[in-house]
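Every number for a ligand or one of its atoms is a count from 1 in the order of the listing.
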Amino acid sequence: MTVTIVGSQLGDEGKGALVDLWGGDADIVVRYQGGDNAGHTVVEDGEEYKLSLVPSGAVRDKVGVLGNGCVINPRTLFSEIDDLRERGLDPDVRLAKRAHVIMPYHRRLDNIEEEAKADSDLTVGTTGRGIGPTYEDKAGRRGIRVGDLLDPDVLRQRLEYVVPKKKALIEDVYGLEAGEECDVEALVEEYTEIGRRLREDDMAVNCGDFLAERREAGDNVMFEGAQGTLIDIDHGSYPYVTSSNPTAGGAATGTGVGPTVVGQGEVVGIVKAYLSRVGEGPMPTELKDDDREEELADFIREKGGEFGTVTGRPRRIGWLDMPMLRHAARVSGFTGIAVNHLDVLAGLDEVTVGHAYELEGEERLTMPATTERWGECEPVLKEFDTWPEVDWAAVAEEGYDAIPDAAQDYLEYLSDELDVPIYAVGVGPGREQTVHLENPFDN
Ligand code: IMP
C-alpha cells in the first residue's frame, strides 16, 4: 500500500501534520523531490524538531528515504541528523545514490542569480538553498550525485570538470570573486569525507530496488511531497516555481517506483482553508487591495503563523482559489483531500472563496497555462456564512459533526467542487487537533 501526500497550493499547506498522523501506519516515509528548501516542524513526546531535509518519519523510528528526485545538501543533512542524535534519537535515513548533491557553489550561484534578476524585476524569491542551480546541473549532465561521493576518483574527475565552469560564471559573467566554494581540492576533501560517512553508516541505497524489496516484504510506503502544485516546475506558475515536481507524478520519477504502483495507492491533496504564498508571482485572490483587506491578511497571517519555516519571511495571504485547486486535483489525480487551518477562518466578519476567474469577459473554472494570463485573472468571489470561534480541541475529539454548520458547508463545497472525499480536517496547530474521517492506509 502506498499513500502519496501532495501540496495542492503554493506549499505550506501543513502537509507535515498529515504525514505525522498517517505516517504512523507507514513503515517507510520517502521524499521524492526538493531539498532543504522545505521546512517542517515535528512534535513528538512534547519535543519540537525543526527539519528541512530529514523526512519527518525518521523522528518516529520509521525509515526515512530521500529519493533520487531530491537534491541533498549533506551539510544540512548531517547537521540535522547530529542534532537528532544529540537529542537521543537514532534516525534511520537512506539516500538514493541517484540523488543529486547541492554543492557550495550551487548555493552561491542561487543567491548571485537572484540578485542579478532583481535588476530586471525577475526575482523568484528563492530560499537561497541552491535548489535551482543543482537541478540545472542535473539536467545539464554535469551534476554530482550521492553515488559519486562514494568513489573519490569519480568525484575528483567530475569536480575538476565542473568547478572551473562555475568559477568562470561567477567571475566572468557576474564580475564577482569566486571563493572557497570553487576550491577543487577543498571540495574533494570535504565531500570524500562525507562519502566515507555515508558508506560507514550504510546510508546510500539504490532507491528503486530498496523500495521494491521493502514493498515485497509487506511494508507500507508513504511518499511525502514537499512544496506545492503551483510551484511545480511543469504545472506551476513558471518562472515563479521551484525546480522539481511536487505533483504526484514526481513520486514515481523521484523514487524509482512505477506510476502504476503510485496510482494504485491513495493520492491525498493537502489544502489550506485559505491561501498563502512566499515569494513572487500572481495570486488572484490575494488580500491586499485596500486597508480592510490588508488588515484581514495581517490577522490571518498572525493567527495562522504564516511566516516561512526556512526563511522566516512573512507570507502573502489570500482567499481559497478554486481554479487552482481544480488544476491541482486533476494534475495529481487526488483520491482524497485533507483541509487544514479551518480554525484560522473562525470569527471573521467575512469568509469568501475565489470560485472562478474572469478573463477577458469570460468566466473560467480552471487556470490559464501562462503566468502572465493568470496574472490578468480577476477572481469571481463566492461568499459563505461565517462561523464562530469554538473550542477546537473539543471539536477534534468529538469529530466532524461538532464542526460549526457554516464551516461544514464550506468543506462540503470544496469536496463537491473537487469531486473527492475529505479524509481529515485540521482545526489547530497540534497534531491532535485534527478531525479524522478516513485513514488512507485503510482504503
Ligand atoms: P527554491 O525552491 O528555493 O528555488 O525557491 C523557488 C520558489 O519556491 C520560491 O518562490 C520559494 O519561496 C518557493 N518555495 C520553495 N520551497 C518552498 C516551501 O517549502 N514552501 C513554500 N514555498 C517554497
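- Looking at Y49 and H40, their side chains never bring a donor and an acceptor atom within 3.5 Å of each other.
- Of the N or O atoms in G39, none lie within a sub-3.5 Å distance of an N or O in ligand 1.
- Heavy-atom proximity to A38, at under 4.0 Å, picks out these atoms of ligand 1: 19 (O).
- In the vicinity of G125, heavy-atom distances shorter than 4.0 Å reach the ligand 1 atoms 9 (C), 10 (O), 11 (C), 12 (O).
- Contact check on E376 versus R373 returns a salt bridge, with a Lys/Arg side-chain nitrogen under 4.0 Å from an Asp/Glu carboxylate oxygen.
- For ligand 1, the atoms lying closer than 4.0 Å to a non-hydrogen atom of D12 are 20 (N), 21 (C).
- In terms of the ring-ring contact (aromatic ring centres under 6.0 Å, His included) criterion, Y174 has no residue partners (sequence neighbours excluded).
- Residue V241 has at least one heavy-atom neighbour below 4.0 Å for each of these atoms of ligand 1: 6 (C), 7 (C).
- Of the candidates E13, Q227, Q9, Q227 brings a heavy atom nearest to atom 15 (C) of ligand 1.
- The distance from ligand 1 to the heavy atoms of R313 drops below 4.0 Å at these ligand atoms: 12 (O).
- Taking atom 3 (O) of ligand 1 as the reference point, the nearest protein heavy-atom neighbour is T127 OG1, 2.6 Å.
- For T242, a nitrogen or oxygen atom sits less than 3.5 Å from a nitrogen or oxygen atom of ligand 1, counting backbone and side chain alike.
- Using a 4.0 Å cut-off between a side-chain N of Lys or Arg and a carboxylate O of Asp or Glu, R75 and E190 qualify as a salt bridge.
- Checked by distance only, ligand 1 and T126 stay at 3.5 Å or farther apart across all their nitrogen or oxygen atoms.
- Ligand 1 is approached by L10 to a heavy-atom distance shorter than 4.0 Å.
- With respect to the salt-bridge test (charged N to carboxylate O, under 4.0 angstrom), the residues D90 and R85 qualify.
- Near I231, meaning under 4.0 Å from any of its heavy atoms, are these atoms of ligand 1: 8 (O), 13 (C), 14 (N), 22 (N), 23 (C).
- Close approach of ligand 1 to G279 (heavy-atom distance below 4.0 Å) involves ligand atoms 10 (O).
- A salt bridge between E306 and K272 is present, with a side-chain N of the basic residue lying under 4.0 Å from a carboxylate O of the acidic one.
- There is a side-chain donor-acceptor pair under 3.5 Å between N245 and D232.
- Checking T247 against H235 by side-chain atom types alone, no donor-acceptor pair falls below 3.5 Å.
- Using a 4.0 angstrom heavy-atom cutoff, S243 does not count as in contact with ligand 1.
- Within the 4.0 Å heavy-atom criterion, both parts of N37, backbone and side chain, lie near ligand 1.
- Between the side chains of D110 and T126, at least one donor-acceptor pair of N or O atoms lies under 3.5 Å.
- With R316 as the partner, the salt bridge (Lys or Arg N to Asp or Glu O under 4.0 Å) test is satisfied by one option alone out of E294, E286, E293: E286.
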